[in-house]
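Whatever order the structure lists them in is the order used to number ligands and atoms, beginning at 1. Bear in mind that the values here come from a model prediction, so they are computed numbers and not experimental data.
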Amino acid sequence: MRLRDAETWQQLRGAHVDWLGPWEATLPPDTQPPFVSHRSMVKAMLSRARAGQSLPFVVTWEGAMVGLLTVNGITLGSSRSANLGYWVARTYAGRGIIPTAVALICDHLFEVAQLHRIEIAIRPENERSLRVVEKLGFTEVGLAPSYLHIAGQWRDHRLFQLVVDDVPGRVIDRLAEPQ
Ligand SMILES: CC(C)(COP(=O)(O)OP(=O)(O)OC[C@H]1O[C@@H](n2cnc3c(N)ncnc32)[C@H](O)[C@@H]1OP(=O)(O)O)[C@@H](O)C(=O)NCCC(=O)NCCS
């Protein structure tokens with residue numbers, strides 16, 4: 001994500017309010033929105049990235065922005081972990097774009113960033129996203145009740161993880177064998 005991507009991101013996101021609404025985190029009541037514009041949101045993302053806390057990636061297809069993949073909560077020390085959030089534009093869904101992007105970022109996080117564990121939290125109703133972790137061989141580790149505020153309520157999530165020791169080769173190679 002670059003500062004100059006803010007306008008395209010805003011347009012793409014604005015066109016996908018219905019598509020993302022059931023799955024995208026919302027602010028709990030009485031929380032002041034921390035940002036006034038997408039540009040200030042991108043500035044904050046880049047600042048967190050410089051601080052080593054997150055990695056915001058634009059997902060592209062033939063040069064155009066079609067989605068977002070964010071590595072959040074990067075923790076070093078005894079944890080060496082992070083969690084992922086993602087979405088793709090509705091018209092590009094079903095082409096394996098997000099499984100590919102997630103696999104590539106997992107390989108980067110294990111090989112370059114030297115992380116040990118990557119987590120993805122998914123609402124039980126989100127069958128499309130459940131397919132993403134299934135295709136990549138993530139392990140389910142439990143149910144987190146009231147895990148995240150989405151569409152105005154605290155929602156339960158199923159938690160999935162991939163630990164570096166689970167992957168003898170590269171995560172991207174797992175996509176070659178349909179799960
Ligand atoms: C979940 C999501 C990221 C999956 O990304 P993707 O790049 O479409 O992933 P895939 O191509 O592997 O498709 C996953 C499943 O979507 C369904 N799908 C297939 N074609 C589709 C289409 N044209 N439109 C919608 N869903 C479709 C299928 O069930 C597919 O599984 P299959 O390959 O076993 O048939 C995407 O659906 C999305 O952005 N959804 C809205 C936001 C969201 O849920 N984010 C994740 C929060 S945890």
Which residue supplies the protein heavy atom nearest to atom 48 (S) of ligand 1, what is that atom called, and how far is it?
S129 OG, 3.3 Å
What protein heavy atom is closest to atom 8 (O) of ligand 1, reported as residue, atom name and distance in Å?
G94 N, 2.8 Å
Of all heavy-atom pairs linking T60 and V66, the shortest is C-CG2, 4.1 Å
Of the side chain and backbone of R128, name the one, both, or neither that has a heavy atom under 4.0 Å from an atom of ligand 1.
both
Atom 11 (O) of ligand 1: nearest protein contact (heavy atom, Å):
G96 N, 2.6 Å
How far does CG of L55 sit from CD1 of I105, to the nearest 0.5 angstrom?
6.0 Å
Give me the residue, atom name and distance of the protein heavy atom closest to atom 23 (N) of ligand 1.
A93 O, 3.5 Å
Has ligand 1 got any nitrogen or oxygen that is less than 3.5 angstrom from a nitrogen or oxygen of N126?
yes
Do R13 and E24 pass the salt bridge (charged side-chain N to carboxylate O under 4.0 Å, His left out) test, and can you show the C-alpha distance, the side-chain angles, and the key distance before you say yes or no?
CA-CA 11 Å; R13 207 159 165 247; E24 203 175 42; 3.3 Å; yes
With nothing but distance in play, are any N or O atoms of I122 less than 3.5 Å from an N or O of ligand 1?
no
Count the heavy atoms belonging to other residues, nucleotides or ligands that lie under 6.0 Å from CD of E7, then report whether that count exceeds 12.
no
Quick check: does V88 get an N/O under 3.5 Å from an N/O on ligand 1?
yes
For ligand 1, find out whether one of its N or O atoms is nearer than 3.5 Å to an N or O atom of K135.
yes
Who's the nearest protein heavy-atom neighbour of atom 38 (C) of ligand 1, and how far?
W19 CZ2, 3.6 Å
Rounded to the nearest 0.5 Å, how far apart are CD1 of I118 and SG of C106?
3.5 Å
Provide the number and element of each atom of ligand 1 under 4.0 Å from a heavy atom of V132.
4 (C)
Given the protein's heavy atoms, is any one of them under 4.0 Å from atom 30 (C) of ligand 1?
no
Contact bool for atom 35 (O) of ligand 1 (protein heavy atom, d < 4.0 Å):
no
Does some non-hydrogen atom of the protein lie less than 4.0 angstrom from atom 41 (C) of ligand 1?
yes
Would you say R123 has more than 12 foreign heavy atoms packed within less than 6.0 Å of its CZ?
yes
Which protein heavy atom lies closest to atom 3 (C) of ligand 1, and at what distance to 0.1 Å?
Y86 CD1, 3.6 Å
Output the distance between atom CD1 (I98) and atom CZ (R128), rounded to the nearest 0.5 Å.
12.5 Å
Using a 4.0 Å heavy-atom cut-off, which part of I120 comes near ligand 1: side chain, backbone, both, or neither?
neither
Return a yes/no value for R95: is any of its N or O atoms, backbone included, closer than 3.5 angstrom to an N or O of ligand 1?
yes
Heavy atom of the protein closest to atom 7 (O) of ligand 1 (residue, atom name, distance):
I98 N, 3.0 Å
Distance under 4.0 Å to a non-hydrogen atom of L20: what atoms of ligand 1 satisfy this?
42 (C)
For ligand 1, is any non-hydrogen atom under 4.0 Å from P99's backbone (N, CA, C, O), its side chain (CB onward), both, or neither?
side chain
At a 4.0 Å cut-off, with the gap strictly under it, does some heavy atom of A89 reach an atom of ligand 1?
no
